[in-house]
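Accompanying notes for the structure given below.
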Protein chains: 2
Amino acid sequence: MITPQPGGAVYRQLAELLRQEILSGRLQPGQKLPSETTLVQRYGIARETARRAVAVLRAEGIVGVVRGHGVVVREQPTIQDLTPTSGSTITARMPTADERAELEVPEGVPVIAVVAPDGGVEVYPAHRWRLRWPSS
Amino acid sequence: MITPQPGGAVYRQLAELLRQEILSGRLQPGQKLPSETTLVQRYGIARETARRAVAVLRAEGIVGVVRGHGVVVREQPTIQDLTPTSGSTITARMPTADERAELEVPEGVPVIAVVAPDGGVEVYPAHRWRLRWPSS
DNA sequence: CGAGATTTGTGCGTATGTATT
DNA sequence: AAATACATACGCACAAATCTC
């Protein structure tokens with residue numbers, strides 16, 4: 001049973017608890033988290049509270065949700081390298097709803113926006129791309 | 001009165017409505033959004049639903065909440081340029097809870113992580129920093 | 001193919017706590 | 001002190017997606 005503490009709301013405590021399950025490896029990528037109903041019974045909390053805890057992990061991008069199936073620990077996707085042209089400006093931000101759909105960006109994952117000197121903009125999901133700064 | 005549509009839940013419709021208010025400039029940075037109570041009365045919805053709509057905008061990083069005051073359209077902070085050392089690797093992701101507090105990263109704002117060739121890691125809030133690729 | 005169980009999504013209501021004005 | 005506004009937590013009901021048999 002989790003009870004409200006001065007330092008942390010119940011849903012934050014539960015989120016931290018689940019986060020540690022994942023980071024410690026007790027919950028592996030691809031595995032499902034306990035269902036909302038299970039969390040409700042196990043910790044004696046309301047469903048809203050359990051959902052809020054899961055929402056925290058979703059916002060952090062470490063779990064994904066499949067409706068009618070469950071909450072799954074996210075796989076670490078293959079990272080590809082990206083080297084912009086000289087004179088580019090790079091920013092990171094959360095995607096718009098359109099970009100999320102277009103680029104298949106999961107919840108809680110930002111995008112990398114590369115603005116070339118000619119003004120052209122390219123957007124990359126940050127969970128699959130990283131930038132390499134040339135060694136010279 | 002907003003009613004559920006096949007295409008969109010009520011809270012999503014309301015989020016889109018508020019988003020347009022902001023993007024169109026009718027709600028300027030620094031201005032407050034209508035309070036939850038106002039939204040409830042104006043659109044004939046439950047408070048939970050109104051909160052959920054606001055939560056969408058918070059996750060997108062376009063509004064911030066000041067407890068006891070209201071929900072405020074976020075200012076566009078001054079952007080500073082950042083040029084990593086040669087051979088660095090740069091990734092973007094959502095911050096951990098600790099980083100959020102440490103770096104004062106608002107909700108819905110990713111961080112830029114720069115890994116130098118020597119392994120040292122530096123983390124920058126993406127709403128205040130961008131990368132400049134030297135023109136050479 | 002369908003039926004039912006499971007699981008998350010959405011919406012509503014209520015109550016109380018905390019921070020600001 | 002009082003009013004305002006968001007935060008947290010509980011409850012209920014039905015919808016929609018997925019899976020199993």
Side-chain angles (χ1 to χ4, degrees), chain A residues 1-18 27 30-74 97 100-101 106-108, chain B residues 1-18 27 30-74 97 100-101 106-108:
Chain A
M1 175 78 86
I2 305 177
T3 53
Q5 298 295 320
V10 173
Y11 80 90
R12 290 184 195 280
Q13 296 181 52
L14 179 52
E16 177 60 24
L17 194 155
L18 294 171
L27 276 173
Q31 280 191 309
K32 289 203 302 185
L33 266 62
S35 75
E36 294 174 355
T37 309
T38 304
L39 294 174
V40 164
Q41 294 170 350
R42 182 179 301 173
Y43 299 108
I45 58 179
R47 188 176 165 218
E48 264 298 305
T49 308
R51 284 179 63 75
R52 216 169 288 181
V54 174
V56 171
L57 304 183
R58 292 171 65 168
E60 291 174 0
I62 64 180
V63 301
V65 175
V66 184
R67 195 172 165 177
H69 177 67
V71 181
V72 178
V73 179
R74 186 163 287 162
R100 286 261 318 277
E107 272 185 307
Chain B
M1 175 78 84
I2 305 178
T3 54
Q5 297 295 321
V10 172
Y11 77 93
R12 291 183 192 280
Q13 294 181 53
L14 178 52
E16 176 61 24
L17 194 155
L18 293 171
L27 277 173
Q31 279 192 310
K32 287 202 303 184
L33 266 61
S35 75
E36 295 176 354
T37 309
T38 304
L39 293 174
V40 164
Q41 295 171 347
R42 182 179 300 172
Y43 298 109
I45 58 179
R47 187 168 168 229
E48 265 297 307
T49 306
R51 283 181 63 74
R52 222 167 281 180
V54 174
V56 171
L57 304 182
R58 291 170 65 169
E60 291 173 0
I62 63 180
V63 301
V65 174
V66 184
R67 258 179 93 161
H69 177 66
V71 180
V72 178
V73 178
R74 186 162 287 163
R100 287 261 317 276
E107 274 185 304

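Here is how names work: the chains are called A, B, and so on, in the same order as the sequence lines, proteins then strands, and each is numbered from 1.
With sequence neighbours excluded, the residues forming a side-chain contact (heavy atoms from CB on, under 4.5 Å) with R47(B) are E36(B), V40(B), R51(B), listed by chain and number. Judged as a side chain to side chain donor-acceptor pair (under 3.5 Å), and not counting sequence neighbours, Q31(A) has no contacts.
Between dA9(D) and Y11(A), no contact under 4.0 Å exists linking OP1 or OP2 to a side-chain N or O.
Within 4.0 Å (heavy atoms only), V71(B) reaches sugar-phosphate atoms of the nucleic acid but no base atom.
Closest approach to the A9(A) side chain among dA7(D), dA9(D), dT8(C) is made by dA9(D) (side chain taken as heavy atoms from C-beta onward).
Put simply, the side chain of R74(A) gets close to the backbone of G61(A): a donor and an acceptor are under 3.5 Å apart.
Regarding E36(A), its CD atom lies at a distance of 17 Å from the P atom of dA16(D), rounded to whole Å. Going from atom OH of Y43(A) over to atom P of dC10(D) covers 14 Å, rounded to whole Å. In this structure, the CZ atom of R51(B) is 10 Å from the C1' atom of dA5(D), given to the nearest Å.
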For each nucleotide in nucleotides 12-21 of chain C, reading 5' to 3', give B when a protein heavy atom comes within less than 4.0 Å of its base, S when such contact involves only the sugar-phosphate, and - otherwise. B--B-BBBB-
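As the counterpart of dG17(C), dC6(D) is assigned, both hydrogen-bonding distances of the Watson-Crick or G-U wobble pattern falling under 3.5 Å.
Just one of L18(A), V54(A), L57(A) meets the side chain to side chain contact (heavy atoms under 4.5 Å, CB included) condition when paired with V71(A); it is V54(A).
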